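So the structure is just underneath, and the comments pick up after that.
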Amino acid sequence: MKYVSTRGNAPELSFEDAMLTGLATDGGLYVPAEVPALEPREISMLHGKSYEDVAFAIMRPFVGDTFEEAEFRAVIKAAYAGFGHVSRAPLKQVGDGVWLLELFHGPTLAFKDFAMQLIGQMFQSVLRRRGESVTIVGATSGDTGSAAIEAFRGLDNVDVCILYPHGMVSEVQRRQMTTPAEANVRAFAVEGTFDDCQRHLKDMFANRPFREETRLAAVNSINWARVMAQVVYYFTSAVALGAPDRKVSFCVPTGNFGDIYAGEIARRMGLPIGRLAIATNQNDILHRALVSGEYRTGEVRPSISPSMDIQVSSNFERLLFDAYGRDADAVRSLMDELRSGNGFRIDDAALGGIGEGFASGRVSEEETMSRIRAVHDASGQLVCPHTAVGLEVADRLAEPRVPMIALATADPAKFPNAVERATGIRPPLPIRMADLYERPERVTQVANDLAELCRTIREGRAA
Ligand SMILES: *Cc1c(COP(=O)(O)O)cnc(C)c1O
């Protein structure tokens, strides 16, 4: 399987190289040259299989010859061994025709663990074989960073530097990033927003000498391997509710468009999906883009669902690439417009194509709070604010006779203040991390400045 850049000016890569690089050298994102399709019969055969077996069947065609069969099975097994639930991604009914897909039973209590734990194992396996080391730099609005640090801590061929916006992540998220003691992981509190962090990251990748000297690698949701890992739970959950004989829809709390784009890949592989519903908070660039065709950035407004507080949604570029008939020149000129101004207009043909598969909704802070309260009143279930944003939109967009699966992206205990304000109940941390508030923190505070960031990253390397 070959991977091509959405901007058309970077070399085609194997899975292994696309995974180790993350972002393409032309600033684009890697996508598979073609998406493998499954026959309905093959999808039926996933029924009743373990999460790990489904993961193997779904991901195998994407990784090509990067791993031997037994090696890949071992990687998958190790990746999910630390999850706190046997089914890895349990499905719970929470309303009439609405199910919650719980994706927060991994070590950092958010869905990012599904991809990051797998990436950690895959990096280790590949780097060992090659005798190489890399510096992973990531920008996070909270959950990616903790998931990356948890997945890579203590590995001797990897340095991990995570940039997060100072003061804009929850205390649990911050502590998960700043308390691991291993020298190969470092957390940077940047005096800026998540979009600033993400922009600095992209600029580091565009700086070839720096990129080569530090052997830079990205594990942000722009890394294709992360999208791939997330395709798996679309299959396990849809099959549990009757696919491929029955169509299902999904509602996904969305920020960088990585999680929901995995749903689009599942659909193109043959999973019968009715709607993919994009749920945004008050930072609603994607909702506005779908409604008006205008992809226009604004100011980030901090919310109670901080992992979705972004204005530039990186993985959307992958969907645009497809919507424009894989025309890399068209994508490149849209992205140039975005870089030099505040956005671009999606042409009518592309917008029409997107509208066939996707719907969207925007949820205010008040609506998020009342949804947390309503779910608790109706079912006794506590949900995190991101999940509540998804459930609110699921409620608006559900169609009769099509099961709606709402993705529960984080454990409510990761955002205890909002949940307590909505319900009066403070969700406790799982026992395995109950001492998080006592562990000492270690963090590097840095200015919102690319040169200073590069210097600090270069000077502090452990490997
Ligand atoms: C990352 C994250 C999201 C957004 O996912 P994207 O893939 O960036 O769209 C939603 N909810 C939670 C809890 C997250 O950590």
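Atom set for the values below is all heavy atoms of this structure, side chains included, hydrogens, waters and symmetry mates excluded. Counting convention: from 1, in listed order, for ligands and their atoms alike. Everything numeric here is computed off the predicted structure, so don't read it as measured data.
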| said: So that I can tick it off, tell me whether Glu399 and Lys247 are bridged by a salt bridge, with the cut-off set at under 4.0 angstrom between side-chain N and carboxylate O. | reply: no
| query | When Asp411 is tested against each of Thr108, Leu103, Val383, Leu109 for side chain to side chain contact (heavy atoms under 4.5 Å, CB included), which residue passes? | reply | Leu109
| message | For the residue pair Asn315 / Arg318, report whether a side-chain donor-acceptor contact shorter than 3.5 Å exists. | response | yes
| Any residue meeting salt bridge (Lys or Arg N to Asp or Glu O under 4.0 Å) with Arg153, in chain and number order, not counting sequence neighbours | Glu150, Glu182
Please tabulate, line by line, the atom pairs linking an N/O of ligand 1 to a protein N/O at a distance below 3.5 Å, with the distance in Å to 0.1, or answer 'none'.
residue: ligand 1; atom: 7 (O); partner: Gly258; partner atom: N; Å: 3.2
residue: ligand 1; atom: 7 (O); partner: Asp259; partner atom: N; Å: 2.9
residue: ligand 1; atom: 8 (O); partner: Asn256; partner atom: N; Å: 2.8
residue: ligand 1; atom: 9 (O); partner: Gly255; partner atom: N; Å: 2.8
residue: ligand 1; atom: 9 (O); partner: Asn256; partner atom: N; Å: 3.2
residue: ligand 1; atom: 9 (O); partner: Phe257; partner atom: N; Å: 3.0
residue: ligand 1; atom: 11 (N); partner: Thr409; partner atom: OG1; Å: 2.9
residue: ligand 1; atom: 15 (O); partner: Lys112; partner atom: NZ; Å: 2.6
residue: ligand 1; atom: 15 (O); partner: Asp143; partner atom: OD2; Å: 2.4

| field | Salt-bridge contact Asp336-Arg339 (side-chain N to carboxylate O under 4.0 Å) | value | no
| request: Please work out which of the three classes, parallel, tilted or perpendicular, describes the rings of Tyr51 and Tyr80, given edges at 30° and 60°. | output: perpendicular
